[in-house]
Amino acid sequence: METGDHVILAGIFGAIIGLAMGLLGAGGSILAIPALVYGVGQPFQVAIPTSLAVVAISSLGGLLPRQRRAQVQWRVALVFGAAGAPATFAGAALARLIPQRWLLLSFAALMVVVAVRMLRGRDEGGGACRTGEGGINWRSCLPKAVATGAGVGVLTGLFGVGGGFVIVPALSLLLGLEAQQAVATSLIIVLLNSVAGFSAHAGTTHFNYAVLLVFAAAALVVSILAARLATRLPSKTVKQWFAYVVLAVAAGIATTALLNPAALG
């Protein structure tokens, strides 16, 4: 396939990912890796930094509205980011040690976890670290926050995902952030982790910058437009259908990795 064809496909699949990200917020980027590997034809090791660049740019797009930036809890974001950013380098190093076949199987398992979370809906409980005055008890909850941030960082470096599907519930359930605060704060954390993960992979991977830019630009533009449409659609129904798509793609990835590993490039 010619380079021009790859760029065109990158624009098409980038728009599809942007649609998912705009409609869903956190979690939509989970399809970026399959789109890059099976749609654009990139090896998994090349798709990881490309996906991270898309996630970082999309996070910036999500922070464009002023009202969303005002919801960011900066101390929380910096704690998670300080733990997660270095951990992305560990995840990237681990990714280079695992054969692509097993890495894709592990990614398929992660996709199943994400889909199940979406189908389950809202988690119960919340605010385990909240004080009576509405603040955060950092003395008792700092280790949990650091461990969660580091775990998300490893996932970011290993699989090229933003980790919003883990961060948002953790911020809500662990630290008691309100829904809008959790989403806004997660965008900062995802941005920090994605930039760190991209840096960890960029020095060891040769990838197509044209594909990266077209894919990221298409995802960003469509995600901004889709975010306006999201307010008119039932959130629960959209998440359920997306979860079914994720499960179907996960099954396809696992089947290909097991039965036809030569197709992985």
Side-chain angles (χ1 to χ4, degrees), residues 14 17-18 20-33 36 47-92 95 114 145-146 148-172 174-175 177-203 205 207 209 212-213 215-224 226-227 230:
I17 299 306
M21 295 176 70
L23 292 177
L24 296 164
S29 63
I30 194 74
L31 288 180
I33 289 289
L36 289 166
I48 291 176
T50 305
S51 173
L52 288 172
V54 173
V55 171
I57 293 173
S58 298
S59 300
L60 280 175
L63 288 165
L64 286 178
R66 181 181 301 175
Q67 63 270 25
R68 175 162 286 180
R69 294 198 303 273
Q71 295 285 346
V72 174
Q73 303 298 297
W74 289 99
R75 184 184 297 183
V76 175
L78 292 176
V79 167
F80 271 75
T88 62
F89 286 82
V114 174
V146 170
T148 304
V152 171
V154 171
L155 288 176
T156 299
L158 184 60
F159 294 120
V161 296
F165 55 89
V166 175
I167 298 171
V168 172
L171 293 177
S172 298
L174 184 65
L175 301 183
L177 269 61
E178 298 176 358
Q180 292 302 318
Q181 290 178 332
V183 171
T185 304
S186 76
L187 289 171
I188 296 294
I189 300 169
V190 167
L191 175 61
L192 294 174
N193 286 349
S194 299
V195 170
F198 181 83
S199 301
H201 283 279
T205 304
F207 47 89
Y209 281 96
L212 187 158
L213 292 174
F215 195 100
L220 176 61
V221 171
V222 175
S223 67
I224 294 174

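This structure is a prediction, so every number in the text was calculated from the model and none was measured.
Residues L52 and F198 share a closest heavy-atom pair of CD1-N, 3.5 Å. The two residues A82 and P86 make their nearest non-hydrogen contact at O-CD, 3.0 Å. The two atoms that bring V195 and A56 nearest to each other are CG2-CB, 4.4 Å, heavy atoms only. Closest of all the heavy-atom pairs between G84 and N193 is C-OD1, 3.2 Å. Taking both residues in full, the closest heavy atoms of A95 and G157 are given as CB-O, 4.3 Å, listed atom of the first, atom of the second, then distance.
Distance check, rounded to the nearest 0.5 Å: CG of L192 to CG of L78 gives 7.0 Å. Within the model, atoms OG1 of T50 and OH of Y209 stand 9.5 Å from one another, a figure rounded to the nearest 0.5 Å. Here CG of L36 is found 4.0 Å from CZ of F215. Values are rounded to the nearest 0.5 Å. Annotation: the span from F89 atom CZ to S199 atom OG amounts to 5.5 Å, rounded to 0.5 Å.
Taking A77 as the reference, T185, I188, I189 meet the side chain to side chain contact (heavy atoms under 4.5 Å, CB included) condition, with sequence neighbours excluded. Take A216 and apply the side chain to side chain contact (heavy atoms under 4.5 Å, CB included) test, not counting sequence neighbours, and it matches V54, I57. Scanning for side chain to side chain contact (heavy atoms under 4.5 Å, CB included) contacts around V146 gives V79, A83, L142, with sequence neighbours left out. For L213, there are no side chain to side chain contact (heavy atoms under 4.5 Å, CB included) partners, not counting sequence neighbours.
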Considering only distance and modelled atom types, tabulate donor-acceptor pairs under 3.5 Å from the side chains of residues 148-156, sequence neighbours left out.
| from | atom 1 | to | atom 2 | distance (Å) |
| --- | --- | --- | --- | --- |
| T148 | OG1 | K144 | O | 2.8 |
| T156 | OG1 | V152 | O | 3.0 |
| T156 | OG1 | V161 | O | 3.1 |

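Remark: side-chain polar atoms of S194 are not paired, donor with acceptor, to backbone N or O of L191 under 3.5 angstrom.
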